[in-house]
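Can you read through this structure? Questions will come right after.
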Amino acid sequence: MNSFQKILHSVSFIPEGKVTTYGDIATSNNMKNARIVGFALHTNTDPIKFPCHRVVKKDGSLASGYVFGGLNEQKRKLQLEGVEFLDDDKVDMYKCLYTFSDNSP
DNA sequence: TGTGTGACGATCG
DNA sequence: GCGATCGCCACAC
């Protein structure tokens with residue numbers, strides 16, 4: 001399984017109403033740079049199979065390159081799933097952060 | 001095979 | 001406190 005496959009697999013099982021960070025996905029996959037995570041999503045661009053809208057930055061801000069409707073759409077999807085927002089474009093990391101360490105395969 | 005690049009992270013100014 | 005810069009590694013061309 002390629003690194004991209006691992007990343008996408010991790011993203012695919014983020015529970016509804018939860019979010020995770022690029023760095024966390026990278027760490028859970030034994031990677032050192034979070035850029036690969038974003039790169040993986042960018043090369044696949046498959047929001048149906050992989051809910052990349054649940055992936056945010058370390059500070060809780062949404063990904064700047066989300067093109068499936070824009071940041072507004074990404075934020076709305078998260079809100080519909082029950083993710084709480086502290087700011088207009090930042091999720092509540094303390095309540096909705098999902099760590100793979102708790103349920104890592 | 002080698003170079004460029006990227007939806008980030010951390011540090012420096 | 002905020003902005004800019006450097007560094008990281010894996011993938012595409």
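All values derive from a computational prediction rather than experimental measurement. Chain A is the first sequence line, chain B the second, and so forth, proteins listed ahead of strands; every chain is numbered from 1.
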*Counting N and O atoms only, with roles assigned by atom type, does the side chain of A:Asn29 sit under 3.5 Å from a partner on the main chain of A:Met31, one being a donor and the other an acceptor?*
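Not confirmed, A:Asn29 side chain does not pair with A:Met31 backbone.
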*Within the structure shown, what part of the strands sits under 4.0 Å from A:Ala63 by heavy-atom distance: base, sugar-phosphate, or nothing?*
base
*Starting from P on B:dA7, measure out to CD1 on A:Ile7 and report it in whole angstrom.*
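Rounding to the nearest Å, CD1 of A:Ile7 and P of B:dA7 are 14 Å apart.
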*In whole angstrom, give the distance that lies between atom CE of A:Met31 and atom P of B:dG9.*
14 Å
*A:Asn33 CG to B:dC8 P: how many Å, rounded?*
12 Å
*Could you check if a side-chain atom of A:Cys96 sits within less than 4.5 angstrom of a side-chain atom of A:Val83, using non-hydrogen atoms only?*
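They are in side-chain contact.
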_Are A:Phe85 and A:Asp92 packed together at the side-chain level, in the sense that at least one heavy-atom pair is separated by less than 4.5 angstrom?_
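A:Phe85 vs A:Asp92: side chains apart.
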*asked:* Quick check on DNA chain C: between A:Arg35 and A:Phe4, whose nearest nucleotide comes earlier from the 5' end?
replied: A:Arg35
_Nearest to the A:Ile36 side chain among B:dG9, B:dA7, B:dG6, which nucleotide is it?_
B:dG6
*asked:* Assess the residue pair A:Glu81 and A:Arg54 against the criterion (salt bridge (charged side-chain N to carboxylate O under 4.0 Å, His left out)); give the C-alpha distance rounded to whole Å, side-chain angles, the decisive distance to 0.1 Å, and a yes or no.
replied: CA-CA 10 Å; A:Glu81 293 179 356; A:Arg54 291 179 189 155; 2.9 Å; yes
*asked:* Near DNA chain B, counting only heavy atoms under 4.0 Å, which residues of residues 75-94 of chain A show up?
replied: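 Per residue number, the list is empty: none.
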*Could you tell me whether the phosphate oxygens of B:dA10, OP1 or OP2, come under 4.0 Å of any side-chain nitrogen or oxygen in A:Lys58?*
yes
*Using both distances under 3.5 Å as the test, list the Watson-Crick or G-U wobble partner of B:dT1, or none.*
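When the pairing criteria are applied, nothing turns out to pair with B:dT1, so the answer is none.
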*Between A:Lys75 (side chain) and A:Asp88 (backbone), is there a donor-acceptor pair under 3.5 Å?*
yes
*Shoot me the first and last contacting nucleotide of DNA chain C against chain A, ordered 5' to 3', at under 4.0 angstrom to non-hydrogen atoms.*
C:dG7 to C:dC11
*Can you tell me the Watson-Crick or wobble partner of B:dG13, both distances under 3.5 angstrom?*
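Per the H-bond distance test, C:dC2.
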*Between B:dG9 atom P and A:Lys32 atom NZ, what is the distance in whole Å?*
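One finds 17 Å between P of B:dG9 and NZ of A:Lys32, rounded.
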_Length of the CZ-P vector between A:Phe39 and B:dT5, whole Å_ = 11 Å
*Using side-chain contact (heavy atoms from CB on, under 4.5 Å) as the criterion, point out the one residue from A:Val19, A:Val11, A:Thr21, A:Ile7 that pairs with A:Val55.*
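The single option meeting the side-chain contact (heavy atoms from CB on, under 4.5 Å) with A:Val55 is A:Val11.
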*asked:* Would the distance check show the side chain of A:Ser12 and the main-chain N or O of A:Phe50 forming a donor-acceptor pair, the cut-off being under 3.5 Å?
replied: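 Side chain of A:Ser12 to backbone of A:Phe50, a donor-acceptor pair under 3.5 Å: no, none is there.
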*asked:* Using only atom types and a distance under 3.5 Å, with no angle test, would you say the side chain of A:Asp59 pairs donor to acceptor with the backbone of A:Ser61?
replied: yes
*Looking at A:Asn44, A:Leu41, A:Ile14, A:Thr45, which one forms a side-chain contact (heavy atoms from CB on, under 4.5 Å) with A:Cys52?*
A:Leu41
*How many Å lie between CG on A:Leu41 and C1' on B:dC8, as a whole number?*
12 Å
